[in-house]
Peer 1: 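This is the structure I have questions about; it appears just below.
One-based numbering, in listed order, for ligands and for the atoms of each.
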Amino acid sequence: MPTSNEPIFLSALAINGPTQRADLARLIGVSRTSASNLARILHDDGLIEDLPKPGVAASRYPLSTSPKAGLLAAMVVSDKEVGVSISHLDGSRQATAAAALNPADSPRVWIQTGIQQLQHLIARSYPSEPTPDIRQCLVAVPTQADADTGEVYPSPASRRWIGINALESVSGALMCPVRINNTARVEGLCEHDAAGSDPSSVTCYARFSHGVALSHIVHGEIAAGAHGGSGELGHTVVNMSGPQCSCGNHGCLMQYTSIPALQTRIRRVWPNTEARPPALLDLLATPSGTWPPEATNLLRDAGKIAGNALANVANLLDPDLLVVGGELGVADSPFFDELALTVRQRTLPLISTHLTISHAESSRDLKRVALAATESLRSDTKLMTAICADLTNRSSNQGKTPHMMTRNLPGSRR
Ligand SMILES: [Zn+2]
(Lines give C-alpha, C1' and ligand atoms only; values in the text may rest on other atoms or scores of the structure.)
Protein backbone atom coordinates (compact mmCIF):
# COMPACT_ATOMS: atom_id res chain seq x y z
CA MET A 1 0.00 0.00 0.00
CA PRO A 2 1.31 3.49 -0.75
CA THR A 3 1.93 5.94 2.06
CA SER A 4 -0.19 9.09 1.95
CA ASN A 5 2.99 11.05 1.24
CA GLU A 6 3.40 9.65 -2.27
CA PRO A 7 0.87 11.94 -3.99
CA ILE A 8 2.22 14.88 -1.97
CA PHE A 9 5.80 14.07 -3.04
CA LEU A 10 4.78 13.63 -6.67
CA SER A 11 2.69 16.81 -6.83
CA ALA A 12 5.49 18.82 -5.14
CA LEU A 13 7.81 17.58 -7.91
CA ALA A 14 5.24 18.40 -10.62
CA ILE A 15 4.52 21.90 -9.31
CA ASN A 16 8.15 22.87 -8.56
CA GLY A 17 9.78 21.27 -11.60
CA PRO A 18 12.84 18.97 -11.52
CA THR A 19 14.11 18.98 -7.92
CA GLN A 20 16.72 17.14 -5.85
CA ARG A 21 15.58 14.67 -3.18
CA ALA A 22 16.88 16.84 -0.31
CA ASP A 23 14.99 19.89 -1.55
CA LEU A 24 11.80 17.85 -1.98
CA ALA A 25 12.19 16.61 1.61
CA ARG A 26 12.32 20.24 2.78
CA LEU A 27 9.39 21.26 0.56
CA ILE A 28 6.99 18.65 1.92
CA GLY A 29 8.39 18.55 5.47
CA VAL A 30 9.71 14.98 5.69
CA SER A 31 13.17 13.61 6.56
CA ARG A 32 15.73 12.95 3.83
CA THR A 33 15.38 9.22 4.50
CA SER A 34 11.60 9.40 4.00
CA ALA A 35 12.12 11.41 0.81
CA SER A 36 14.58 8.80 -0.50
CA ASN A 37 12.08 6.02 0.30
CA LEU A 38 9.27 7.88 -1.44
CA ALA A 39 11.51 8.49 -4.44
CA ARG A 40 12.34 4.78 -4.61
CA ILE A 41 8.66 3.74 -4.54
CA LEU A 42 7.70 6.25 -7.25
CA HIS A 43 10.79 5.23 -9.25
CA ASP A 44 9.74 1.56 -9.04
CA ASP A 45 6.23 2.54 -10.17
CA GLY A 46 7.82 4.25 -13.16
CA LEU A 47 6.32 7.65 -12.34
CA ILE A 48 9.61 9.49 -11.78
CA GLU A 49 13.15 9.27 -13.16
CA ASP A 50 16.54 10.85 -12.63
CA LEU A 51 17.40 13.84 -14.77
CA PRO A 52 21.14 13.42 -15.48
CA LYS A 53 23.14 16.64 -15.38
CA PRO A 54 26.73 16.97 -16.63
CA GLY A 55 29.18 17.39 -13.77
CA VAL A 56 26.67 16.32 -11.11
CA ALA A 57 27.05 13.07 -9.12
CA ALA A 58 24.31 10.52 -9.90
CA SER A 59 23.08 10.60 -6.29
CA ARG A 60 22.42 14.32 -6.67
CA TYR A 61 20.59 14.26 -9.99
CA PRO A 62 17.31 16.16 -9.84
CA LEU A 63 14.20 13.99 -10.01
CA SER A 64 11.76 14.46 -12.84
CA THR A 65 8.34 13.02 -13.67
CA SER A 66 8.50 10.27 -16.31
CA PRO A 67 6.62 9.79 -19.61
CA LYS A 68 4.55 7.14 -17.81
CA ALA A 69 3.27 9.85 -15.43
CA GLY A 70 1.87 11.49 -18.54
CA LEU A 71 1.75 14.84 -20.24
CA LEU A 72 0.14 18.23 -20.04
CA ALA A 73 -0.93 19.50 -23.44
CA ALA A 74 -2.30 22.64 -25.05
CA MET A 75 -3.84 23.62 -28.36
CA VAL A 76 -4.25 27.30 -29.19
CA VAL A 77 -6.36 28.09 -32.26
CA SER A 78 -6.40 31.45 -34.02
CA ASP A 79 -8.13 32.10 -37.34
CA LYS A 80 -4.93 31.52 -39.30
CA GLU A 81 -2.71 29.26 -37.21
CA VAL A 82 -2.79 26.58 -34.52
CA GLY A 83 -0.06 26.21 -31.88
CA VAL A 84 0.32 23.04 -29.81
CA SER A 85 2.58 22.08 -26.92
CA ILE A 86 3.26 19.18 -24.59
CA SER A 87 5.30 18.91 -21.41
CA HIS A 88 5.95 16.43 -18.64
CA LEU A 89 3.93 17.05 -15.48
CA ASP A 90 6.95 18.82 -13.95
CA GLY A 91 7.44 21.10 -16.96
CA SER A 92 10.48 19.21 -18.25
CA ARG A 93 10.80 17.82 -21.81
CA GLN A 94 8.68 20.47 -23.43
CA ALA A 95 7.93 20.37 -27.15
CA THR A 96 5.90 22.64 -29.34
CA ALA A 97 4.75 23.00 -32.94
CA ALA A 98 2.53 25.20 -35.09
CA ALA A 99 0.68 24.84 -38.38
CA ALA A 100 -0.94 27.35 -40.69
CA LEU A 101 -4.75 27.27 -41.02
CA ASN A 102 -6.86 28.37 -43.93
CA PRO A 103 -9.11 31.20 -42.67
CA ALA A 104 -11.73 30.11 -45.23
CA ASP A 105 -12.03 26.62 -43.70
CA SER A 106 -14.62 25.74 -41.08
CA PRO A 107 -13.38 25.95 -37.47
CA ARG A 108 -14.14 22.21 -37.41
CA VAL A 109 -11.17 21.75 -39.78
CA TRP A 110 -8.99 24.01 -37.58
CA ILE A 111 -9.74 21.82 -34.54
CA GLN A 112 -8.98 18.62 -36.50
CA THR A 113 -5.66 20.13 -37.65
CA GLY A 114 -4.83 20.95 -34.02
CA ILE A 115 -5.61 17.39 -32.92
CA GLN A 116 -3.35 15.99 -35.68
CA GLN A 117 -0.57 18.42 -34.74
CA LEU A 118 -0.71 17.26 -31.12
CA GLN A 119 -0.71 13.59 -32.16
CA HIS A 120 2.30 14.15 -34.45
CA LEU A 121 4.15 16.10 -31.77
CA ILE A 122 3.71 13.28 -29.23
CA ALA A 123 4.71 10.61 -31.78
CA ARG A 124 7.81 12.63 -32.76
CA SER A 125 8.80 13.28 -29.15
CA TYR A 126 8.42 9.65 -27.99
CA PRO A 127 9.32 7.54 -31.06
CA SER A 128 10.72 4.54 -29.17
CA GLU A 129 8.61 4.63 -26.02
CA PRO A 130 4.96 3.76 -25.33
CA THR A 131 2.95 6.87 -26.18
CA PRO A 132 2.39 8.80 -22.94
CA ASP A 133 -1.18 9.64 -21.93
CA ILE A 134 -2.32 13.25 -21.78
CA ARG A 135 -3.48 13.98 -18.22
CA GLN A 136 -4.97 17.36 -19.06
CA CYS A 137 -5.27 19.44 -22.22
CA LEU A 138 -6.09 23.13 -22.46
CA VAL A 139 -7.82 24.12 -25.69
CA ALA A 140 -8.11 27.81 -26.59
CA VAL A 141 -10.51 28.90 -29.33
CA PRO A 142 -11.17 32.34 -30.87
CA THR A 143 -14.84 32.39 -29.86
CA GLN A 144 -16.94 32.49 -26.71
CA ALA A 145 -17.42 28.91 -25.44
CA ASP A 146 -19.09 27.71 -22.24
CA ALA A 147 -16.28 26.79 -19.81
CA ASP A 148 -18.24 23.81 -18.43
CA THR A 149 -19.65 22.27 -21.60
CA GLY A 150 -17.66 23.76 -24.48
CA GLU A 151 -20.92 24.80 -26.16
CA VAL A 152 -20.91 27.87 -28.39
CA TYR A 153 -24.25 29.64 -27.88
CA PRO A 154 -26.09 30.67 -31.05
CA SER A 155 -25.40 34.31 -31.96
CA PRO A 156 -24.75 35.99 -35.31
CA ALA A 157 -21.38 37.09 -33.86
CA SER A 158 -20.26 33.45 -33.44
CA ARG A 159 -22.12 31.95 -36.41
CA ARG A 160 -19.07 30.12 -37.79
CA TRP A 161 -18.76 28.16 -34.54
CA ILE A 162 -22.36 27.18 -33.96
CA GLY A 163 -22.63 23.40 -33.54
CA ILE A 164 -18.86 23.02 -33.07
CA ASN A 165 -17.75 21.87 -29.63
CA ALA A 166 -13.93 21.94 -29.37
CA LEU A 167 -13.99 20.55 -25.84
CA GLU A 168 -15.88 17.42 -26.89
CA SER A 169 -13.93 16.99 -30.16
CA VAL A 170 -10.53 17.13 -28.47
CA SER A 171 -11.42 15.05 -25.40
CA GLY A 172 -12.99 12.42 -27.69
CA ALA A 173 -10.04 12.26 -30.11
CA LEU A 174 -7.22 12.39 -27.56
CA MET A 175 -9.03 10.51 -24.75
CA CYS A 176 -8.12 13.08 -22.13
CA PRO A 177 -9.78 15.65 -19.86
CA VAL A 178 -10.02 19.05 -21.53
CA ARG A 179 -10.39 22.61 -20.32
CA ILE A 180 -11.63 25.20 -22.76
CA ASN A 181 -10.57 28.83 -22.84
CA ASN A 182 -10.39 31.74 -25.25
CA THR A 183 -7.36 32.38 -27.48
CA ALA A 184 -7.02 36.08 -26.59
CA ARG A 185 -7.14 35.24 -22.89
CA VAL A 186 -4.28 32.72 -23.24
CA GLU A 187 -2.29 35.22 -25.35
CA GLY A 188 -2.68 37.66 -22.46
CA LEU A 189 -1.30 35.06 -20.07
CA CYS A 190 1.70 34.59 -22.39
CA GLU A 191 2.39 38.36 -22.38
CA HIS A 192 2.02 38.45 -18.58
CA ASP A 193 4.54 35.60 -18.17
CA ALA A 194 6.97 37.05 -20.74
CA ALA A 195 6.98 40.39 -18.90
CA GLY A 196 8.26 38.56 -15.81
CA SER A 197 5.39 40.17 -13.96
CA ASP A 198 5.21 40.13 -10.18
CA PRO A 199 3.00 37.22 -9.00
CA SER A 200 0.58 39.70 -7.42
CA SER A 201 0.33 41.87 -10.52
CA VAL A 202 -2.63 42.44 -12.83
CA THR A 203 -2.26 42.41 -16.62
CA CYS A 204 -4.78 43.42 -19.28
CA TYR A 205 -4.16 42.44 -22.90
CA ALA A 206 -6.29 43.83 -25.71
CA ARG A 207 -6.17 42.36 -29.19
CA PHE A 208 -7.25 44.45 -32.18
CA SER A 209 -7.56 42.12 -35.15
CA HIS A 210 -10.57 40.87 -37.16
CA GLY A 211 -12.32 40.97 -33.79
CA VAL A 212 -11.50 42.87 -30.60
CA ALA A 213 -10.95 40.95 -27.37
CA LEU A 214 -9.65 41.53 -23.86
CA SER A 215 -7.69 39.25 -21.52
CA HIS A 216 -7.52 39.88 -17.76
CA ILE A 217 -4.77 38.14 -15.77
CA VAL A 218 -5.00 38.38 -11.99
CA HIS A 219 -2.18 36.99 -9.81
CA GLY A 220 -0.90 34.88 -12.71
CA GLU A 221 -4.27 33.33 -13.53
CA ILE A 222 -6.72 33.98 -16.34
CA ALA A 223 -9.92 35.61 -15.08
CA ALA A 224 -12.42 34.02 -17.47
CA GLY A 225 -15.65 35.06 -15.74
CA ALA A 226 -18.22 32.75 -14.15
CA HIS A 227 -18.91 30.82 -17.38
CA GLY A 228 -15.85 31.49 -19.55
CA GLY A 229 -17.47 34.41 -21.32
CA SER A 230 -15.44 37.43 -20.19
CA GLY A 231 -13.35 39.72 -22.36
CA GLU A 232 -15.83 40.65 -25.11
CA LEU A 233 -14.38 44.16 -25.39
CA GLY A 234 -15.28 44.35 -29.09
CA HIS A 235 -18.99 44.19 -28.28
CA THR A 236 -19.02 47.07 -25.79
CA VAL A 237 -21.15 49.85 -27.23
CA VAL A 238 -19.24 53.10 -27.82
CA ASN A 239 -21.83 54.87 -29.98
CA MET A 240 -25.52 53.99 -29.64
CA SER A 241 -26.33 55.52 -33.01
CA GLY A 242 -23.39 53.81 -34.74
CA PRO A 243 -23.49 51.11 -37.41
CA GLN A 244 -25.11 47.77 -36.63
CA CYS A 245 -22.75 45.07 -35.37
CA SER A 246 -22.83 41.31 -36.04
CA CYS A 247 -24.08 40.86 -32.44
CA GLY A 248 -27.23 42.88 -33.23
CA ASN A 249 -26.32 45.98 -31.18
CA HIS A 250 -25.34 49.31 -32.70
CA GLY A 251 -21.98 51.08 -32.45
CA CYS A 252 -19.90 48.29 -30.86
CA LEU A 253 -16.17 49.03 -30.47
CA MET A 254 -15.29 46.52 -33.19
CA GLN A 255 -17.27 48.61 -35.68
CA TYR A 256 -14.52 51.24 -35.28
CA THR A 257 -11.33 49.41 -34.35
CA SER A 258 -11.31 46.03 -36.13
CA ILE A 259 -9.58 45.18 -39.41
CA PRO A 260 -12.82 44.75 -41.44
CA ALA A 261 -14.22 48.08 -40.17
CA LEU A 262 -11.02 49.98 -40.93
CA GLN A 263 -10.52 48.28 -44.29
CA THR A 264 -13.88 49.69 -45.41
CA ARG A 265 -13.01 53.19 -44.20
CA ILE A 266 -9.54 53.16 -45.79
CA ARG A 267 -11.20 52.64 -49.18
CA ARG A 268 -13.46 55.63 -48.57
CA VAL A 269 -10.74 58.09 -47.51
CA TRP A 270 -7.93 56.93 -49.80
CA PRO A 271 -6.76 59.86 -52.02
CA ASN A 272 -8.26 59.82 -55.46
CA THR A 273 -5.23 58.62 -57.40
CA GLU A 274 -4.81 55.90 -59.95
CA ALA A 275 -3.35 53.57 -57.31
CA ARG A 276 -5.99 51.46 -55.59
CA PRO A 277 -6.10 51.60 -51.79
CA PRO A 278 -3.99 48.77 -50.39
CA ALA A 279 -5.27 46.05 -48.09
CA LEU A 280 -5.07 47.35 -44.52
CA LEU A 281 -2.66 44.59 -43.51
CA ASP A 282 -0.30 45.52 -46.38
CA LEU A 283 -0.48 49.16 -45.37
CA LEU A 284 0.34 48.29 -41.72
CA ALA A 285 3.45 46.45 -42.94
CA THR A 286 4.90 49.69 -44.41
CA PRO A 287 6.41 52.56 -42.35
CA SER A 288 3.60 54.92 -41.30
CA GLY A 289 5.72 57.91 -42.39
CA THR A 290 5.06 56.91 -46.00
CA TRP A 291 1.25 56.77 -45.66
CA PRO A 292 -1.02 59.45 -47.13
CA PRO A 293 -2.25 61.79 -44.35
CA GLU A 294 -5.82 60.49 -44.80
CA ALA A 295 -4.74 56.99 -43.77
CA THR A 296 -2.65 58.27 -40.84
CA ASN A 297 -5.60 60.31 -39.54
CA LEU A 298 -7.97 57.38 -39.91
CA LEU A 299 -5.74 55.06 -37.87
CA ARG A 300 -5.13 57.80 -35.32
CA ASP A 301 -8.89 58.33 -34.86
CA ALA A 302 -9.37 54.58 -34.43
CA GLY A 303 -6.56 54.53 -31.85
CA LYS A 304 -8.32 57.30 -29.92
CA ILE A 305 -11.59 55.34 -29.82
CA ALA A 306 -9.70 52.21 -28.71
CA GLY A 307 -7.81 54.26 -26.11
CA ASN A 308 -11.04 55.62 -24.65
CA ALA A 309 -12.41 52.08 -24.31
CA LEU A 310 -9.18 50.85 -22.70
CA ALA A 311 -9.09 53.83 -20.34
CA ASN A 312 -12.49 52.62 -19.09
CA VAL A 313 -11.07 49.12 -18.73
CA ALA A 314 -8.03 50.44 -16.83
CA ASN A 315 -10.20 52.57 -14.55
CA LEU A 316 -12.33 49.47 -13.80
CA LEU A 317 -9.56 46.88 -13.35
CA ASP A 318 -6.45 48.89 -12.28
CA PRO A 319 -3.83 46.81 -14.16
CA ASP A 320 -0.04 47.17 -13.77
CA LEU A 321 0.48 46.26 -17.41
CA LEU A 322 -1.64 46.93 -20.49
CA VAL A 323 -0.46 45.05 -23.59
CA VAL A 324 -1.88 45.89 -27.01
CA GLY A 325 -1.79 43.09 -29.59
CA GLY A 326 -3.30 42.00 -32.87
CA GLU A 327 -2.30 43.25 -36.32
CA LEU A 328 -3.37 46.79 -35.36
CA GLY A 329 -1.36 46.76 -32.11
CA VAL A 330 2.08 47.15 -33.69
CA ALA A 331 4.58 49.59 -32.21
CA ASP A 332 5.31 53.05 -33.64
CA SER A 333 2.03 53.22 -35.51
CA PRO A 334 -0.54 56.06 -35.40
CA PHE A 335 -3.06 53.58 -33.92
CA PHE A 336 -0.86 52.43 -31.03
CA ASP A 337 0.61 55.87 -30.29
CA GLU A 338 -2.80 57.54 -30.12
CA LEU A 339 -4.23 54.65 -28.08
CA ALA A 340 -1.44 54.89 -25.49
CA LEU A 341 -1.74 58.68 -25.29
CA THR A 342 -5.52 58.50 -24.78
CA VAL A 343 -5.25 55.86 -22.05
CA ARG A 344 -2.69 58.05 -20.25
CA GLN A 345 -4.96 61.10 -20.53
CA ARG A 346 -8.19 59.39 -19.48
CA THR A 347 -7.16 57.18 -16.55
CA LEU A 348 -7.27 58.37 -12.96
CA PRO A 349 -3.88 59.27 -11.38
CA LEU A 350 -3.57 56.22 -9.10
CA ILE A 351 -3.97 54.01 -12.14
CA SER A 352 -1.93 55.94 -14.72
CA THR A 353 0.97 56.40 -12.28
CA HIS A 354 1.55 52.64 -12.02
CA LEU A 355 0.47 51.62 -15.52
CA THR A 356 2.91 50.36 -18.17
CA ILE A 357 1.55 50.28 -21.73
CA SER A 358 3.35 48.10 -24.26
CA HIS A 359 2.74 46.35 -27.56
CA ALA A 360 2.50 42.56 -27.85
CA GLU A 361 5.57 40.53 -28.79
CA SER A 362 5.72 37.02 -27.31
CA SER A 363 2.03 36.26 -27.97
CA ARG A 364 2.59 36.74 -31.71
CA ASP A 365 4.25 33.29 -31.63
CA LEU A 366 1.47 30.73 -31.01
CA LYS A 367 4.07 28.13 -29.98
CA ARG A 368 5.02 30.37 -27.05
CA VAL A 369 1.32 30.90 -26.27
CA ALA A 370 0.78 27.12 -26.22
CA LEU A 371 3.75 26.68 -23.85
CA ALA A 372 2.31 29.34 -21.54
CA ALA A 373 -0.94 27.34 -21.60
CA THR A 374 0.69 24.07 -20.46
CA GLU A 375 2.58 26.00 -17.77
CA SER A 376 -0.70 27.46 -16.55
CA LEU A 377 -2.02 23.92 -16.04
CA ARG A 378 1.09 23.05 -14.06
CA SER A 379 0.70 26.07 -11.79
CA ASP A 380 -2.84 24.97 -10.88
CA THR A 381 -2.12 23.32 -7.53
CA LYS A 382 -5.59 21.80 -7.24
CA LEU A 383 -5.33 20.18 -10.67
CA MET A 384 -1.81 18.83 -10.12
CA THR A 385 -2.74 17.43 -6.70
CA ALA A 386 -5.71 15.61 -8.26
CA ILE A 387 -3.63 14.22 -11.15
CA CYS A 388 -0.88 13.00 -8.80
CA ALA A 389 -3.39 11.43 -6.37
CA ASP A 390 -4.95 9.61 -9.33
CA LEU A 391 -1.54 8.37 -10.56
CA THR A 392 -0.38 7.03 -7.19
CA ASN A 393 -3.80 5.47 -6.65
CA ARG A 394 -3.52 3.69 -10.02
CA SER A 395 -0.08 2.34 -9.14
CA SER A 396 -1.50 0.80 -5.97
CA ASN A 397 -4.41 -0.70 -7.91
CA GLN A 398 -2.50 -2.46 -10.70
CA GLY A 399 -4.80 -4.83 -12.51
CA LYS A 400 -7.90 -2.66 -12.53
CA THR A 401 -8.68 -0.94 -15.79
CA PRO A 402 -7.50 2.67 -16.09
CA HIS A 403 -11.10 3.70 -16.75
CA MET A 404 -12.17 2.54 -13.28
CA MET A 405 -9.58 4.76 -11.66
CA THR A 406 -9.99 7.92 -13.66
CA ARG A 407 -11.40 10.55 -11.40
CA ASN A 408 -13.11 13.68 -12.46
CA LEU A 409 -10.38 16.28 -12.44
CA PRO A 410 -11.24 19.78 -11.31
CA GLY A 411 -12.48 22.12 -14.01
CA SER A 412 -12.51 19.62 -16.84
CA ARG A 413 -14.71 17.09 -18.57
CA ARG A 414 -13.84 13.75 -19.98
ZN1 LIG B 1 -21.33 43.86 -31.24
Side-chain angles (χ1 to χ4, degrees), residues 77-80 103-104 106-107 110 140-147 150-164 166 180-188 204-216 222-268 280-281 284 298-299 301-317 322-329 335-336 338-339 342-343 346 360:
V77 182
S78 78
D79 57 3
K80 56 183 184 222
S106 157
W110 302 346
V141 288
T143 190
Q144 194 183 48
D146 188 308
E151 185 182 352
V152 176
Y153 289 61
S155 149
S158 54
R159 63 185 182 282
R160 295 189 72 188
W161 284 84
I162 294 169
I164 298 172
I180 194 125
N181 215 312
N182 175 279
T183 301
R185 285 200 293 256
V186 182
E187 288 176 355
C204 286
Y205 162 83
R207 183 175 61 186
F208 294 90
S209 179
H210 286 88
V212 177
L214 182 81
S215 174
H216 182 205
I222 294 171
H227 313 100
S230 74
E232 293 294 340
L233 180 66
H235 293 293
T236 50
V237 175
V238 296
N239 176 8
M240 288 192 342
S241 52
Q244 190 169 30
C245 178
S246 58
C247 72
N249 290 327
H250 284 262
C252 289
L253 181 63
M254 64 178 282
Q255 296 305 316
Y256 300 92
T257 61
S258 66
I259 290 170
L262 290 170
Q263 180 69 70
T264 307
R265 289 196 180 91
I266 280 276
R267 279 193 212 108
R268 282 194 214 127
L280 181 64
L281 293 180
L284 289 169
L298 183 87
L299 268 292
D301 289 348
K304 189 171 218 144
I305 295 169
N308 270 317
L310 287 177
N312 292 339
V313 167
N315 280 333
L316 284 168
L317 301 177
L322 172 63
V323 184
V324 183
E327 291 90 336
L328 286 161
F335 181 86
F336 178 83
E338 194 67 26
L339 180 157
T342 308
V343 172
R346 302 287 164 96

Peer 1: Would you be so kind as to tabulate the donor-acceptor pairs closer than 3.5 Å made by side chains of residues 231-241, with sequence neighbours excluded?
Peer 2:
{"from": "Thr236", "atom 1": "OG1", "to": "Leu233", "atom 2": "O", "distance (Å)": "2.6"}
{"from": "Asn239", "atom 1": "OD1", "to": "Ser241", "atom 2": "N", "distance (Å)": "3.1"}
{"from": "Asn239", "atom 1": "OD1", "to": "Ser241", "atom 2": "OG", "distance (Å)": "3.1"}
{"from": "Asn239", "atom 1": "ND2", "to": "Tyr256", "atom 2": "OH", "distance (Å)": "3.1"}

Peer 1: Atom OH of Tyr153 and atom NE2 of His227: how far apart are they, to the nearest 0.5 Å?
Peer 2: 8.0 Å
Peer 1: I need the minimum non-hydrogen distance between Thr342 and Glu338, along with the two atoms involved.
Peer 2: OG1-O, 2.7 Å
Peer 1: Quick check against the 3.5 Å criterion: does Thr183 have a side-chain atom that pairs as donor or acceptor with the backbone of Val77?
Peer 2: yes
Peer 1: Asn182 side chain to Thr143 main-chain N or O, any donor-acceptor pair under 3.5 Å?
Peer 2: yes
Peer 1: Under 3.5 Å, is there a donor-acceptor pair between the side chain of Arg265 and the main chain of Leu262?
Peer 2: no
Peer 1: What are the protein N, O or S atoms, given as residue plus atom name, that sit under 2.8 Å from the Zn ion (ligand 1)?
Peer 2: His235 ND1, Cys245 SG, Cys247 SG, Cys252 SG
